[in-house]
Visitor: 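Structure incoming, see below.
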Amino acid sequence: MSALTRDPLAEPPLRRPVSKAAARWEWPDPASATAPPIAPREAPRRPVAPLWPEEPAVAFWPAADLAPPPPAPAPVPASTPGPEVDLFAPVPPTAESLARSPLARSHLAHASMVAPPDPPRQFEPSPSRFNYRLNRLWLTPLVRHLVRVGLPLALVLGLAGGWLTSEDNRARLGQTVGAMVSTVQNQPVFQVHSLQVLAATPEIAEAVAATLDLRFPVSYFDLDLTALRTRVQAFDAVEQAWLQVRPGGLLEVRIQERTPAMVWRHAGGLELIDATGHRVALLASRSARADLPLILGEGADRAVDEARQLLAVAVPLHPRLRGLVRVGERRWDLVLDRDQRILLPEQGALGALERVLALDAAQQVLSRDLRIVDMRNPTRPTIRLTEGAMAEVTRNRPTLTGARRR
Amino acid sequence: MTDLYQSQRAMRNLRQQAMQRGVIAVMDVGTFKVACLILKFGVSDGARAGSGVGAMAGQAAFRVIGAGTTASRGVRLGEIAAMRETERAVRTALQNAQKMAQTRVDHAILSFSGGDVRSYGLEGLVELDDDRVSENDIARVLDSCDMPDLGPDREVLHAQPVNFVLDHRSGLADPRGQAGRRLGCDMHLVSVNADVVQNLVHCLKRCDVEVAGLASSAYVAGRAALVEDEQELGAAAIDMGAGATNLSIFIKGHMIYADTLRLGGEHITSDIAKGLSIPHSVAERIKAFYGGVQATGQDDRQVIDIGGDSGDWDKDRRTITRSELIGIMRPRVEEILEGVRARLDVAGFDHLPSQQIVLTGGVSQIPGLDGLAARILGQQVRLGRPIRVPGLPQAATGPDYAAIVGLCQFAANPQDEWWDFDIPAQRFAAKPLKRAMKWFRDNW
């Protein structure tokens with residue numbers, strides 16, 4: 001119920017709205033009047049079933065009255081005599097004759113009257129109980145999410161899973177995906193055409209190129225750069241390597257080589273090793289790298305650090321130094337010319353060497369006729385004379401002792 | 001009585017649960033329309049402190065997120081006459097509201113105008129155990145109110161403590177913690193026909209919605225239509241619905257009287273339909289568009305086409321003037337207002353300090369009603385619209401929605417009822433003791 005405030009003065013007098021067609025219609029001359037056509041109302045009525053089948057089903061005014069008169073029937077030509085009709089033969093009943101018989105007529109009329117009427121078309125604004133419950137179910141958040149997210153997800157997963165259970169399908173999927181992947185990977189932009197190895201020594205560059213053993217063109221995606229790098233770095237002479245695919249399909253390998261720091265002679269022969277003790281290359285002869293110091297003995301490469309420190313300290317001895325010998329994989333010997341040796345201890349080898357150098361500087365110990373300066377026991381440095389010198393000492397001993405004893 | 005107490009407490013718990021969950025429906029099953037609003041709670045904590053906006057009677061706590069209104073079916077005089085039809089109407093309103101809110105509701109607070117509301121004033125008096133009033137004393141004094149004979153098949157709908165008396169001091173709103181010896185209280189009790197309520201509850205249950213509260217539309221319409229000072233100083237709210245006219249008298253913020261008159265807009269419509277022999281729907285339309293109670297000269301010239309659907313040319317082109325329509329409507333409106341006057345006189349409304357009367361409800365939209373009502377009810381008559389609540393659609397702000405808007409307030413900011421207090425300890429303890437005694441007797 002809602003009220004509307006109206007201003008009656010401002011309003012036009014209330015009339016039922018008149019349609020345009022109705023407004024144009026004029027009342028006909030009563031003398032020649034046929035009844036006005038019945039204007040359709042808002043709800044057209046269902047045609048009423050005729051009570052009698054003879055009656056026209058339509059309306060009060062038969063359509064025949066309104067229609068133009070039918071044309072006069074053409075004159076019938078004189079009938080030609082046909083085959084003679086048997087007047088006594090039984091005539092099959094026609095629909096017309098049936099309709100004329102009273103029983104059939106009442107039957108037909110009755111049938112038309114009891115024909116089931118249309119159900120009343122009443123507008124029912126309220127939702128049905130089922131509809132209402134469905135609506136509420138739909139408004140339940142859990143159900144809503146299940147239907148909107150869970151169900152499609154389950155459907156897609158189920159279909160995909162069902163499809164993938166077949167071995168053929170999986171194989172076909174794998175093939176298709178593989179083909180697509182290889183198509184993409186074999187695009188020209190991803191092709192690597194050439195290799196460039198940048199190394200200081202051409203031999204190493206050649207060796208690396210040979211080791212990589214790449215067959216160009218190759219796709220960028222097929223190159224395992226990490227593995228290639230490991231392979232390059234497996235070379236003794238290579239300290240570090242950088243691999244990079246340059247634009248234009250160039251695989252660039254930059255190599256930093258190891259610098260040989262020492263020559264190591266061991267049971268297997270001569271080797272060049274770098275400052276960390278890592279093998280660099282085989283060496284044919286010592287004279288090929290006479291500029292590098294020589295170390296000897298098993299395990300010498302593992303003590304390269306100490307050897308380098310000792311060499312740095314033993315600068316005054318360099319002209320006489322032949323090499324360093326690792327003894328028992330635990331300590332160093334300095335080997336000088338004239339078959340002299342300085343035996344250094346395991347611990348504090350540097351200090352011991354410095355003491356020897358100091359002795360040499362003060363008393364020219366090493367220029368004397370001795371074979372070994374033994375510093376292995378730091379509290380008791382010992383020297384061993386050469387055999388000639390020893391004989392000289394023993395020869396003079398009585399004199400000496402006599403002189404001493406007085 | 002304890003049964004009712006328990007069922008009301010159960011409904012209150014349901015209501016609190018629903019509010020904590022955040023969504024509750026309020027529903028007004030009327031004779032002309034069934035309206036449903038869906039409230040969302042916990043939208044905000046209310047206005048910021050210092051913003052100048054008051055607490056707005058707790059309304060800031062909720063927001064209307066869905067509204068559905070449909071023509072009522074199967075309801076006569078505010079009571080269900082055809083259960084299935086009413087159920088369909090309730091279903092329609094609920095579904096529309098749910099669709100708008102995009103959420104489902106499982107609990108609804110219900111108001112209705114039928115059920116022959118009767119109002120009782122009760123008194124209780126107890127001696128205090130302690131020297132101060134405790135919570136238990138309040139429960140005791142409420143419990144000590146002597147229950148009137150409500151008659152067969154009647155239930156208590158509201159039982160609100162209106163006033164407390166401590167020794168010789170009256171007019172206390174909250175006596176807890178105050179010193180005294182004797183505590184008395186005045187309680188206002190509203191009873192309704194139990195079957196009417198049962199029908200409504202059953203109807204909602206068939207719609208898969210649980211009733212989480214019941215309120216008389218007299219009470220809730222008064223809460224919505226009376227402004228705060230009117231509620232404080234005293235006023236009568238007259239909710240003129242289609243099936244029944246409810247009146248409630250408020251003073252000091254509490255309803256102290258409620259009554260119902262089983263006459264309403266539906267009677268006006270049926271008068272028009274009978275007098276003009278036109279269909280009920282046309283009569284309703286004519287009443288809404290052209291109705292009035294004060295005829296003027298202009299109304300003689302305003303012609304109303306009442307038509308018909310008979311196929312008879314003359315009958316389908318009948319017209320009346322507006323003054324004829326007013327001539328039909330006015331006696332019935334006068335009858336309603338005189339009935340209201342009689343009820344107010346019975347209630348002793350003229351002894352109240354304030355004689356303010358607020359007309360609300362759908363019938364109050366008849367143009368010129370305030371002038372007529374002023375002649376019958378007294379000079380201080382105004383037309384009341386319900387207060388505004390957040391989110392309410394514009395279409396539901398009219399006086400015909402006073403009851404349902406009041407129901408929103410009832411949900412958001414309920415007043416104390418008897419069952420909001422615990423049962424006093426001595427009464428509570430009786431049953432378990434009895435059970436223990438029985439157990440001993442049976443087993444030893």
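A, B, ... follow the sequence lines: proteins, then strands. Residue 1 opens every chain.
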Visitor: With a 4.5 Å limit on heavy-atom distance, are the side chains of B:D106 and A:R136 in contact?
Guide: yes
Visitor: Which distance, rounded to the nearest 0.5 Å, do you find between the CD of B:Q102 and the CH2 of A:W138?
Guide: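 These two atoms lie 9.5 Å from each other.
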Visitor: Side chain, backbone, both or neither: which part of B:N96 has an atom under 4.5 Å from a heavy atom of chain A?
Guide: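 It is neither, since no heavy atom gets under 4.5 Å.
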Visitor: For A:N135, is there any backbone N or O sitting under 3.5 Å from a side-chain donor or acceptor partner on B:R104?
Guide: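 Flag not set: sc B:R104 to bb A:N135 has no pair under 3.5 Å.
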Visitor: Take atom NE2 of B:H280 as the centre, draw a 6.0 Å sphere, and report whether it contains more than 12 heavy atoms from other residues, nucleotides or ligands.
Guide: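 Yes, the 6.0 Å shell around NE2 holds more than 12 heavy atoms from other groups.
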Visitor: Considering only heavy atoms and a distance below 4.5 Å, find which of A:L139, A:L137, A:T140 pairs most often with chain B.
Guide: A:L139
Visitor: For the atom pair CZ (A:R129) and CZ (B:R206), what is the distance rounded to the nearest 0.5 Å?
Guide: 4.0 Å
Visitor: Within the 4.5 Å heavy-atom criterion, are B:Q95 and A:S126 side-chain neighbours or not?
Guide: no
Visitor: Does A:R170 have more than 12 heavy atoms from other residues, nucleotides or ligands lying within 6.0 Å of its CZ?
Guide: yes
Visitor: Within a 6.0 Å radius of atom CZ on B:R76, are there more than 12 heavy atoms belonging to other residues, nucleotides or ligands?
Guide: no
Visitor: For B:R91, is there an ion pair with A:E124 - N to carboxylate O distance below 4.0 angstrom?
Guide: no
Visitor: Please lay out, stage by stage, how A:Y132 and B:T92 fare under the test side-chain contact (heavy atoms from CB on, under 4.5 Å).
Guide: CA-CA 8 Å; A:Y132 172 76; B:T92 314; over 6 Å; no
